[in-house]
Amino acid sequence: MKDQILKLCRRLKSCTLSDLTQFLEVEESIVETIILYLEQEQLIQITNGVITLAEIKKSKNDIGNKSLYLMFQHRTSEEVDIILKGFCLEISPQKLCHLVNVQHQCISDYYCLFRKNIYERQFKELMHLFFENPQIGRYRKFYEKYAYFYVYNNQIFVSEKLLRANLEKNYTKEEIREFKRMYCYLSRIESHNMNENYMHYRLAEYIWRRERSFEELYDDLRNNLTA
């Protein structure tokens with residue numbers, strides 16, 4: 001189905017989700033999931049709801065966070081290291097800003113971009129796993145917003161949107177237990193946060209942090225921001 005939709009996008013040159021659904025006579029939710037995958041793979045691009053083929057495939061160094069790299073250019077390597085370590089240690093921007101001598105809002109912007117990177121990385125992995133082995137997503141509500149969860153190899157993934165495929169398997173008993181443990185963990189942490197902005201980014205961050213040492217978090221974040 002992925003190849004069929006990509007071929008159709010090439011033929012149409014520009015189209016919408018509704019156009020593809022009519023041509024394929026498939027549920028719109030399934031087509032939308034495949035479109036998400038193709039966009040993640042940088043094979044197509046979506047602008048104001050119009051789907052076209054990607055003109056230039058982004059290099060690995062880009063990772064969709066150009067603003068982060070521009071921000072890093074204004075900091076010394078020592079300051080960047082302090083910001084990375086501060087995030088991994090969960091030091092608040094209000095405190096960390098005194099070590100880097102910048103406004104706390106600037107540190108908050110770095111933190112937000114780190115969370116965005118964490119969410120997008122895990123979402124890209126989720127898309128690959130989902131298309132190899134589609135799974136029924138479980139949803140939970142935080143701040144009147146839905147988050148959708150998937151479990152692969154006892155690893156939890158979160159998505160802002162529900163993923164759909166023709167055939168989806170149910171969770172195993174072990175996967176259900178792991179999901180319940182993770183949901184309790186997320187609910188406990190998120191209950192202390194009164195800000196609903198970037199909720200899905202924060203959920204991905206909490207999952208990323210769980211049962212990891214500072215060294216593991218720091219190495220993972222540094223390597224994936226500079227790879």
Task: N-O pairing of K124 and E120 below 4.0 Å - done: no
Task: Sidechain-backbone polar pair: Y198 side chain, R115 backbone, donor-acceptor under 3.5 Å - done: no
- [ ] Give a yes or no on whether Y148 and I136 share a hydrophobic cluster (residues Ile, Leu, Val, Met, Phe, Trp, Tyr; joining criterion: side-chain heavy atoms under 4.5 Å apart).
- [x] no
Task: Neighbour count above 12 (heavy atom, 6.0 Å) for K141 NZ - done: yes
TODO: Following the transitive rule for hydrophobic clusters with a side-chain heavy-atom cut-off under 4.5 Å over Ile, Leu, Val, Met, Phe, Trp and Tyr, establish whether I46 and V50 coincide in one cluster.
DONE: no
TODO: Kindly indicate whether the side chain of C9, heavy atoms from C-beta on, has any atom under 4.5 Å from the side chain of L20.
DONE: yes
Open item on the list: Tell me whether the count of non-hydrogen atoms from other residues, nucleotides or ligands lying under 6.0 Å of OH in Y152 goes above 12.
Closed with: yes
Task: N223 side chain to D219 backbone, donor-acceptor under 3.5 Å - done: yes
Task: Worked check of side chain to side chain contact (heavy atoms under 4.5 Å, CB included) between L221 and L217 - done: CA-CA 6 Å; L221 183 64; L217 295 173; over 6 Å; no
Task: Distance in Å, I44 CD1 paired with S14 OG, rounded so as to fall on 0.5 Å steps - done: 12.5 Å
Task: Distance, nearest 0.5 Å, that separates CD1 of I83 from CD1 of I107 - done: 4.0 Å
Task: Minimum heavy-atom distance C97-V102, with the two atoms named - done: CB-O, 3.0 Å
Task: Whether D19 side chain and T16 backbone form a donor-acceptor pair below 3.5 Å - done: yes
Task: F149 and L186, any side-chain heavy atoms less than 4.5 Å apart - done: yes
- [ ] Check whether any side-chain heavy atom of L163 lies under 4.5 Å from a side-chain heavy atom of L126, and answer yes or no.
- [x] yes
- [ ] Check R164 against T33 and note the closest heavy-atom contact, atom names and distance.
- [x] N-OG1, 2.7 Å
Open item on the list: Before you tell me yes or no, could you show the steps for K2 and F131 under side chain to side chain contact (heavy atoms under 4.5 Å, CB included), namely the whole-Å CA-CA distance, both residues' side-chain angles and the distance that decides it to 0.1 Å?
Closed with: CA-CA 9 Å; K2 299 194 298 291; F131 275 102; 3.8 Å; yes
- [ ] Check the hydrophobic clustering (I, L, V, M, F, W, Y; side-chain heavy atoms under 4.5 Å; chains of links allowed) and say if I118 and F214 are grouped together.
- [x] yes
Open item on the list: With a 3.5 Å distance limit and no angle check, can you tell me whether Y185 reaches the backbone of Y206 through a side-chain donor-acceptor pair?
Closed with: yes
- [ ] Answer yes if the ring centres of F157 and Y150 are under 6.0 angstrom apart, and no otherwise.
- [x] no
- [ ] Please check if the side chain of Y119 supplies one atom and the backbone of E160 the other of a donor-acceptor pair under 3.5 Å.
- [x] yes
Task: Heavy-atom side-chain proximity of V80 to Y110 below 4.5 angstrom - done: no
- [ ] Kindly compute the distance separating CD (E205) from SG (C112), expressed to the nearest 0.5 Å.
- [x] 10.5 Å
Open item on the list: Tell me the closest heavy-atom pair linking R10 and L53, and the distance in Å.
Closed with: CG-CD1, 3.5 Å
Task: L17 versus I51, closest heavy-atom pair with distance - done: N-CD1, 3.9 Å
- [ ] To the nearest 0.5 Å, tell me how far I82 CD1 sits from L89 CG.
- [x] 11.5 Å
Task: Flag, side chain of H104 to backbone of H98, donor-acceptor distance under 3.5 Å - done: no
- [ ] Please round to the nearest 0.5 Å and tell me the distance separating atom OG of S108 and atom CD of Q103.
- [x] 10.5 Å
Task: Heavy-atom check, side chain of T47 versus side chain of T52, under 4.5 Å - done: no
TODO: Could you grab the distance from atom OG1 of T21 to atom CD of E32, nearest 0.5 Å is fine?
DONE: 9.0 Å
- [ ] Verify side chain to side chain contact (heavy atoms under 4.5 Å, CB included) between L113 and D109, making sure each step is shown before the conclusion.
- [x] CA-CA 6 Å; L113 288 171; D109 291 344; 5.5 Å; no
Open item on the list: Is there a side chain to side chain contact (heavy atoms under 4.5 Å, CB included) between Q135 and L129? Walk through the geometry before answering.
Closed with: CA-CA 9 Å; Q135 184 183 91; L129 292 168; over 6 Å; no
Open item on the list: Check this for me: does any side-chain nitrogen of one of R75 and E79 sit under 4.0 Å from a carboxylate oxygen of the other?
Closed with: yes
Task: I207 versus I156, closest heavy-atom pair with distance - done: CG2-O, 3.5 Å
Task: pair E41-H128: side-chain heavy atoms closer than 4.5 Å - done: yes
Task: Test: R210 and E178 ion pair at under 4.0 Å - done: yes
TODO: Could you tell me whether E174 atom CD has more than 12 heavy atoms of other residues or ligands within 6.0 Å of it?
DONE: no
TODO: Return the minimal non-hydrogen interatomic distance between F123 and V158, and the atom names on each side.
DONE: CD1-O, 4.3 Å
